[in-house]
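This report concerns only the one structure given below.
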Amino acid sequence: MAFILSLSLWAPAVHAETAAVPVTEKGQTKALTNESASAFLDTFFDSPEAKAQYVGASVVVVKDGKVLAEKGYGYADQEDKTPVDPKSTAFRVASVSKTFTAAAVMQLVEQGKVDLQADFQTYVKGLEFDNPFDKPVTVENLLTHTTGFEIRDPQQEDIHADFNKTVTMEEYAQQHMPPVVREPGSAYMYDNFSFLLLGMIVENVSGEPFETYMQQHIFKPLGMDNSSFVLSDKFKDQLATGYDAVHKPLDLYTISPTPMPQGGMLSTAEDIGNFMIAFLNDGVKDNERILKESTVKSMEQYRSSIHPVLPDTTYGFEAAFQLPGAGSSPEIITKAGDLVGFSSYLFLIPEQNTGVFLTYNQAGALRNLFYPAFIQTFFPQYAEPVEFKDFTPQSTEELQRFAGLYADLRLSTIVSSLKDGTESGQLSISDAFLGQRPLIQVDETLFKDELTGQFTAFKENADGTIYMKEPYLNPLGYEKKGQQPQGFRDVRPESPYAEAIYGLQSLGHYDNDATEAFQPKSAVTRAEFIEDVLKMSGLKPSKTTPPADTDWANHPAAGYIQLGYESGMITGADSKQFKPDQVITRQEAMVMIWRSLQLQYPNELFQDVKLAGHTDKWAVPAIQMMVKLGIHGPEVKVLEDGSVDVLARKPLIRQEEAAIMYQLFTQPTDKIVSELMAQQPQPATSNVDEAVEEQPSSANTETP
């Protein structure tokens with residue numbers, strides 16, 4: 001539910017994945033040459049696992065100032081059978097744009113026109129926002145994703161097909177400027193908005209339009225003739241068609257603002273290869289210098305980390321995907337990017353003078369397969385397990401400080417539950433995607449899980465705030481531990497609903513005031529339910545004015561009701577009558593949620609659930625799914641004959657709504673569905689490889 005409702009336009013994407021099996025077996029290290037690079041790419045992209053993850057892909061490998069391999073695979077347009085050409089096929093490189101915006105800022109730093117430690121408002125005037133802390137947001141904070149801003153990711157309306165529409169960077173910033181909600185520099189949260197502000201700094205300080213500056217000072221000197229931040233007619237022709245996870249083509253779109261420094265760049269593999277060669281050669285290519293050697297070194301240096309094996313960001317780059325037991329090597333800098341229909345990954349190993357760029361026209365997990373395979377094949381030293389000094393695990397009492405609920409700073413619907421382990425040096429972590437798994441302490445604030453051997457780390461601030469960085473759901477940011485719930489005067493700690501109510505209070509969805517009444521047995525209205533569900537999913541009310549003749553046009557929850565219709569959660573024969581103040585029944589509430597979940601989970605998996613009591617026919621599939629996934633409260637009982645009574649026609653009351661929402665955040669629905677699918681009979685096939693190749697991708701990297 002959280003993933004479906006909280007769709008993010010680009011990430012870097014959230015991954016609930018484990019590390020891929022490398023193409024080359026361990027111990028078979030190869031020297032990186034023209035021949036070995038080309039052979040590796042051909043083998044990798046021809047594998048069934050890789051083919052399921054792309055329609056078209058473009059890749060370039062550089063080393064020691066030369067291109068070792070530059071290749072295209074698959075189709076830029078599948079219908080027309082247009083092959084990918086790494087020299088001319090353009091892709092939306094999405095957040096890889098940030099590396100180039102950072103390089104432009106660093107050019108101005110070299111010239112003494114920008115001070116990294118200065119308040120960014122020195123260079124961007126007229127933006128009003130709250131900052132309750134004594135520290136300003138510096139240019140360095142913008143570059144390292146440590147601003148403390150409240151999240152301001154792109155909105156759905158920012159992706160559109162009105163190619164004549166222009167929203168300037170200034171206009172966009174004025175409309176969406178966030179407040180500072182954490183002390184600047186105290187935590188890492190992937191921040192698209194900060195790079196919009198950096199683009200404005202480039203434009204304001206240089207006196208040149210952002211696109212003009214990038215063309216004249218980055219692209220032109222490097223011969224990047226097929227790169228731009230503007231979707232001109234030239235790039236409409238060159239741009240690969242984007243595809244969804246089942247290889248369905250997507251319509252051409254444009255993005256606001258224009259230009260978009262944080263994610264609007266269009267480029268080719270060849271052009272990015274030119275940049276990598278220059279960067280790895282201390283800022284020079286073909287006698288054209290874009291950066292000083294000292295600047296390049298400063299951009300390679302990580303500026304924050306939650307633990308030495310888990311660095312965060314440099315000026316323009318971020319840590320690599322974790323490798324089991326090895327963490328993220330500080331010797332490797334990377335940049336990932338995702339937009340609707342596109343994903344990319346750039347990684348550099350400066351001490352090996354090696355760089356790789358991969359881009360493809362299907363948002364998905366291809367890069368998660370590619371990166372570990374490449375490292376294991378050519379540079380396995382970066383995948384070697386970390387050797388820790390002798391460490392005495394802390395007692396369960398000492399580790400109690402880490403127990404609680406954690407919500408991702410960027411995507412609040414990503415929730416992890418941390419509990420005490422059964423012995424010293426252990427914690428238990430659980431989430432809605434991977435379920436429960438143990439964490440084994442290997443250092444004071446570092447733990448290794450038994451799922452893949454990857455690391456989870458904690459950061460404790462002086463004010464008592466605790467942050468966590470984990471490897472699967474959103475490794476590009478921290479999760480923050482919720483506040484200690486104070487409870488409500490009418491909710492007993494021993495109530496079967498207390499865990500859910502207190503949990504949502506800890507996460508900030510309810511006021512944390514013990515003097516208030518929760519009214520656990522009050523009935524919930526239709527308007528209250530749809531507003532609660534959407535608001536807890538991190539969504540804003542619709543900006544569309546409801547039709548005047550609807551019965552919710554003037555309702556206080558009109559924006560959320562309208563969003564419910566727009567998202568398909570609310571349907572009905574009478575599109576004018578929602579009856580917002582009517583008490584919602586339990587089956588009506590479950591059907592609203594089901595309308596989102598069924599986009600992700602097939603109804604066929606839940607048809608064996610036997611229902612007791614009275615459920616209307618139209619609600620049966622929804623009730624069956626919710627029962628099987630465990631998205632309900634303790635009032636739902638399994639009878640002696642195995643049937644389940646969900647009290648479908650009864651009014652939904654507040655404590656039951658709290659239980660449903662808490663389960664949506666914490667119940668491992670992905671794991672449950674995966675296990676159910678594994679139990680399904682598999683069709684016989686005479687060609688296993690073909691069967692695997694034809695399976696659609698299950699990766700969902702656009703979310704949340």
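Bear in mind that the values here come from a model prediction, so they are computed numbers and not experimental data.
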Could you check whether any side-chain N or O of [X] sits under 3.5 Å from a backbone N or O of [Y], counting only pairs where one atom can act as donor and the other as acceptor?
{"X": "Tyr360", "Y": "Arg367", "value": "yes"}
{"X": "Asn512", "Y": "Gln486", "value": "yes"}
{"X": "Asp191", "Y": "Ser194", "value": "yes"}

- [ ] Output all residues satisfying salt bridge (charged side-chain N to carboxylate O under 4.0 Å, His left out) with Lys297, sequence neighbours left out; order by chain, then residue number.
- [x] Asp282
TODO: Can you sort out the partners of Glu450 under salt bridge (charged side-chain N to carboxylate O under 4.0 Å, His left out), two or more places apart, ordered by chain and number?
DONE: none
Does [X] come within less than 4.0 Å of [Y], counting only side-chain N to carboxylate O?
{"X": "Asp443", "Y": "Lys448", "result": "no"}
{"X": "Glu516", "Y": "Arg489", "result": "no"}
{"X": "Asp153", "Y": "Arg410", "result": "yes"}
{"X": "Arg182", "Y": "Glu150", "result": "no"}

TODO: Please list all pairs passing the salt bridge (Lys or Arg N to Asp or Glu O under 4.0 Å) test where one or both residues lie in residues 656-665, with sequence neighbours left out.
DONE: Arg586-Glu656
Do the side-chain N and O atoms of [X] and [Y] include a donor-acceptor pair separated by under 3.5 angstrom?
{"X": "Thr144", "Y": "Tyr315", "result": "no"}
{"X": "Asn192", "Y": "Lys98", "result": "yes"}
{"X": "Tyr497", "Y": "Glu635", "result": "yes"}
{"X": "Gln441", "Y": "Gln394", "result": "yes"}
{"X": "Asn368", "Y": "Tyr345", "result": "no"}
{"X": "Tyr502", "Y": "Gln484", "result": "no"}
{"X": "Thr445", "Y": "Glu460", "result": "no"}

Open item on the list: Between Phe447 and Phe458 (judged by ring centroids, cut-off 6.0 Å), do the two rings come close enough to count as a pair?
Closed with: yes
Open item on the list: Tell me the closest heavy-atom pair linking Asp420 and Ala403, and the distance in Å.
Closed with: OD1-CB, 3.9 Å
Task: Stacked cation flag Arg654 on Phe518, 6.0 angstrom / 45 deg - done: yes
TODO: Indicate yes or no: at least one non-hydrogen side-chain atom of Leu143 is less than 4.5 angstrom from one of Met106.
DONE: yes
